[in-house]
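Residue numbers begin at 1 in each chain, while the letters A, B, ... track the order of the sequences.
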Amino acid sequence: MANDNYVLEAREICKSFSGVKVLDHAGLTVLPGEVHALMGENGAGKSTLMKIIMGIYTKDSGSIVMNGQEVEFKGPSDALYAGISMIHQELSPIPEMTVAENIFLGREKRKIKGLPFMDRKAVNSSTMELLERYEMAEYIKPTMKMKTLNIAQIQMVEIIKAVSYDSKILIMDEPTSSLSDKESEVLFKIIENLRSQQVGIIYISHRMAEVFQISDRISVLRDGNFIGCVETESASHQKLINMMVGRELERGYPQNTAEKGEVVLELKDMCSEGVFENFNLSVRSGEILGLAGLVGAGRSEVMQALVGYDPLDSGEIYLEGEKIEIHHPSDAIKNHIIIASEDRKELGLVFGRSIRENVALQNLEQVSTASFLNKPLEKKLCNSYAKEMTIKMNSIEEDIGSLSGGNQQKAVLAKSLMSKPKVLIMDEPTRGIDVGAKSTIYNIMIDLAKQGIAIIMISSELPELIGMADRILVMSGGKIMGELTDKKEFSQHKILSMAFGGVLNES
Amino acid sequence: MNLNLNRQEFKSILPRFALVAVVLLIVGVMSFLSPVFMTSKNMTNIFRQISINGIIAVGMTFVILLGDIDLSVGAVVGVVSVVCGNLLEQGMNWFAVCLIALAVSIVFGVFNGTLVAYLNFQPFVATLATLTIGRGVALAYSDGRPYIINNPIFKAIGQGYVGKVPIPVIILLAVCVICYVILNYTTFGRYFFAVGGNKNAARLSGVKTKKVEMSAYIISAICACIVGLILSARISSGQPNAGDGYELDAIAAVAIGGTSMNGGVGSLTGTMLGFVMIGLLSNSMNLLNINSFYQQIVKGCLIIIAVYVDMKSKGDKK
Ligand SMILES: Nc1ncnc2c1ncn2[C@@H]1O[C@H](COP(=O)(O)OP(=O)(O)OP(=O)(O)O)[C@@H](O)[C@H]1O
Ligand SMILES: [Mg+2]
């Protein structure tokens with residue numbers, strides 16, 4: 001058992017939150033220069049184990065050993081100092097600060113040593129160097145405010161920040177969940193580079209393909225228990241899924257056999273200056289329309305403008321043939337045009353409030369008479385939607401923030417379903433969701449389509465988009481670059497060349 | 001499973017429980033220490049005093065739930081007081097005076113709400129400006145002099161009784177009940193928690209966030225107006241300096257009651273326990289002849305302890 005080579009060992013870690021056991025003698029070992037993938041269902045305890053290593057949570061029992069010596073971190077700054085840094089699943093940028101300030105937060109370069117005057121120039125130029133080294137300088141400038149970045153850009157900033165500490169161990173908690181293939185490739189290059197510098201990497205992800213692509217070993221957690229560790233070379237998809245969920249799963253994507261009906265939603269010439277232009281779209285009942293594109297192509301932006309969250313300069317919206325006006329998200333909800341946002345922390349959920357309140361928030365009309373709430377009904381309805389989405393929770397009254405990332409995503413979907421959508425916009429619906437729950441969500445999508453709902457699906461995971469969509473629109477730079485209507489002609493290559501075509505034309 | 005749930009629930013009611021325990025402790029200890037304390041006269045007195053701070057604190061709770069703050073309430077009390085004083089001196093009907101006072105306070109609420117919700121001013125700055133303007137208006141309007149109020153019906157608002165219960169206490173109860181129902185049993189109330197917790201998510205969920213913010217300031221101003229009426233009636237005069245510093249006592253009550261200054265988390269029952277506790281404590285210290293300078297020190301320490309207990313029980317992170 002004892003292997004002196006390990007840079008990091010977590011042994012027999014146990015942890016309970018208010019009496020509920022979340023980790024039960026779980027552990028993990030990391031070799032220098034290896035990428036160690038950590039997998040498991042939503043709520044298996046992956047993030048919790050990482051937070052314990054970082055000293056963010058205290059463990060109930062067990063030990064953490066670094067280079068053969070037991071360590072006890074009181075907080076993340078101790079861990080950073082000892083050479084462990086982490087990219088968190090839930091991003092927490094400081095919106096009013098610039099990219100450079102965020103990256104160098106807490107270790108600002110001083111103009112004169114010992115005096116608290118920040119040397120902005122030095123910070124900006126070091127940031128520029130980092131951005132250039134990681135090929136991000138095109139998209140992100142050191143002086144941009146964090147609040148102007150989209151979620152993929154924020155993720156890249158977090159990655160660069162974590163790497164910039166030159167740690168010996170780097171923990172990545174679902175770093176690609178909001179990246180498209182292109183940025184993911186950049187990340188993999190960074191990882192290769194770190195590997196050659198003998199950095200040990202713990203890599204959490206629900207995406208099988210990338211785990212197989214980059215990892216050396218894979219460990220699996222299930223319900224807080226350590227199930228096993230396998231060499232990636234000798235592992236198979238099926239074996240891993242078995243380890244994770246403890247049962248066989250149907251593979252592939254379910255067929256959308258729903259009858260395609262009338263056009264439900266039609267958008268004409270939607271424009272928002274500098275964001276997207278001349279956007280046209282129509283989607284029929286029972287249809288799953290895919291929106292493909294690189295991050296920053298304007299997919300989420302168009303959809304957020306459609307539902308009235310972002311401003312729209314011009315354009316017409318027709319619902320079931322009738323022209324409607326949407327000036328505020330409440331108008332969209334009244335018309336049953338529902339969006340399940342990709343950004344659960346910023347736009348999807350109210351942290352600090354219960355699962356019940358979150359699921360009910362946009363559906364209070366259903367559980368009230370003349371503005372007076374019917375709480376038992378609210379509880380009952382929310383519970384049934386939460387159950388339908390298989391949210392892992394102790395009670396519907398639990399704070400939504402205490403759910404695991406994937407279960408929060410399920411709560412966003414539960415909330416959308418409760419609104420009885422005619423048009424359901426699913427922006428990265430499986431972001432951070434485990435294999436088992438993914439197939440649940442795919443099946444729910446088909447069910448909804450069969451009920452005559454029109455679904456618009458945005459996804460950066462091309463296999464998923466190709467598997468689920470009946471028709472795909474490819475966007476780039478705020479414009480539609482092309483349409484694929486025949487399921488047989490869907491291919492990653494075609495979609496990507498359309499998506500990149502736009503970028504090439506532009507520059 | 002059930003046991004865990006109970007534990008969780010217990011955790012969340014712990015600070016509330018602690019407040020109730022402290023209130024009972026004060027009552028218990030004081031009834032030993034002071035023979036006057038438990039008399040009905042003293043109790044009436046305590047609750048009449050509490051009603052002033054209590055009504056403002058209830059309104060303030062709505063604002064603080066949004067993560068905002070309203071510093072202008074004390075000044076609104078002053079404006080209402082001089083407007084009432086002047087109009088009553090001129091012989092206007094007491095009910096018309098109350099309606100005009102209400103209208104004036106709503107103007108202040110709308111002013112705050114416009115600055116914060118529509119012009120994106122920071123609440124602290126916006127309401128600080130309103131506080132200054134409001135006090136200035138009260139002083140300019142009255143030329144710095146008090147008005148004398150003789151209208152007997154109006155005076156009853158502050159001095160009268162229904163049976164043995166002072167009218168201000170009845171008003172306090174009514175305000176508490178109405179606001180409690182609004183906050184906990186209506187969709188409108190639910191929006192305060194959502195907007196305070198995450199404004200963007202609330203908006204995407206169809207909540208008219210600006211309107212919610214606007215109404216918080218209006219509710220707060222209306223509560224200040226009610227206090228302005230009670231206070232003027234009680235001292236039989238319209239005072240330009242009435243209500244000076246009331247905002248701070250109200251904020252203290254809300255904080256002690258466990259409502260987070262960051263918004264999204266809190267409750268009216270907490271606020272109620274908060275102002276009852278402050279009221280009991282200052283009455284007790286008065287009865288025990290504790291110097292008012294020391295009373296302030298005690299009050300400050302109390303805020304720190306209460307908020308600390310509250311943070312500990314919520315931040316179950318470790
Ligand atoms: N602060 C907390 N308070 C209470 N329970 C918590 C807290 N953090 C996590 N949990 C619970 O611990 C369990 C494990 O959560 P964790 O975030 O570690 O899962 P995960 O494996 O990272 O899942 P995912 O793939 O969805 O991110 C979940 O059931 C979650 O509800
Ligand atoms: Mg996680």
Compare all side-chain heavy atoms of A:L373 with those of B:T187 and state whether any distance is below 4.5 angstrom.
yes
Stepwise salt bridge (charged side-chain N to carboxylate O under 4.0 Å, His left out) check, A:E378 with B:R190
CA-CA 12 Å; A:E378 178 188 9; B:R190 182 68 62 77; 2.6 Å; yes
Nearest heavy atoms of B:L204 and A:Q362, plus distance in Å
O-OE1, 4.1 Å
Above 12 or not: heavy atoms from other molecules or residues under 6.0 Å from CD of A:E90?
yes
If you tally heavy-atom pairs under 4.5 Å against chain A, which of B:I182, B:N200, B:V195 wins?
B:N200
When every non-hydrogen atom of B:A202 is compared with those of A:L361, the smallest separation belongs to CA-CD2, 4.2 Å
What do you reckon, is NZ of A:K345 surrounded by more than 12 foreign heavy atoms closer than 6.0 Å?
yes
Is it the side chain or the backbone of B:K208 that comes within 4.5 Å of chain A heavy atoms, both, or neither?
both
Engaged part of A:I339 at the chain B interface, taking heavy atoms whose separation is under 4.5 Å:
side chain
Value for CZ (B:F193) from OG (A:S354), rounded to nearest 0.5 Å, stands at 10.5 Å
Any side-chain to backbone donor/acceptor pair from A:R353 onto B:G264? Under 3.5 Å, distance only.
yes
For the pair A:K375 (side chain) and B:N184 (backbone), establish whether a donor and an acceptor sit closer than 3.5 Å, ignoring hydrogens and angles.
yes
Checking A:I333 against chain B: side chain, backbone, both or neither under 4.5 Å from a heavy atom?
side chain
Shorter than 4.5 Å, heavy atoms on both sides: which option in A:S368, A:G352, A:P329 has the most such pairs with chain B?
A:P329
Report yes if the side chains of B:R203 and A:S330 come closer than 4.5 Å at any heavy-atom pair, otherwise no.
no
Taking B:G197, B:G189, B:G196, B:A194 one by one, which has the highest count of heavy-atom pairs under 4.5 Å against chain A?
B:A194
So what's closer than 4.5 Å to chain A heavy atoms on B:V181: side chain, backbone, both or neither?
side chain
Distance col, row B:S205:OG vs A:N358:CG, nearest 0.5 angstrom, shows 8.0 Å
Tell me whether A:E365 at atom CD has more than 12 heavy atoms from other residues, nucleotides or ligands lying less than 6.0 Å away.
no
Using a cut-off of 6.0 Å, state whether more than 12 heavy atoms not belonging to A:K145 lie near its atom NZ.
no
Is atom OH of B:Y118 surrounded by more than 12 heavy atoms (other residues, nucleotides or ligands) closer than 6.0 Å?
yes
Heavy atoms only: give me the nearest B:N198-A:V350 pair and the separation to one decimal.
N-CG1, 3.7 Å
Heavy-atom contact with chain B under 4.5 Å, split by part of A:K415
side chain
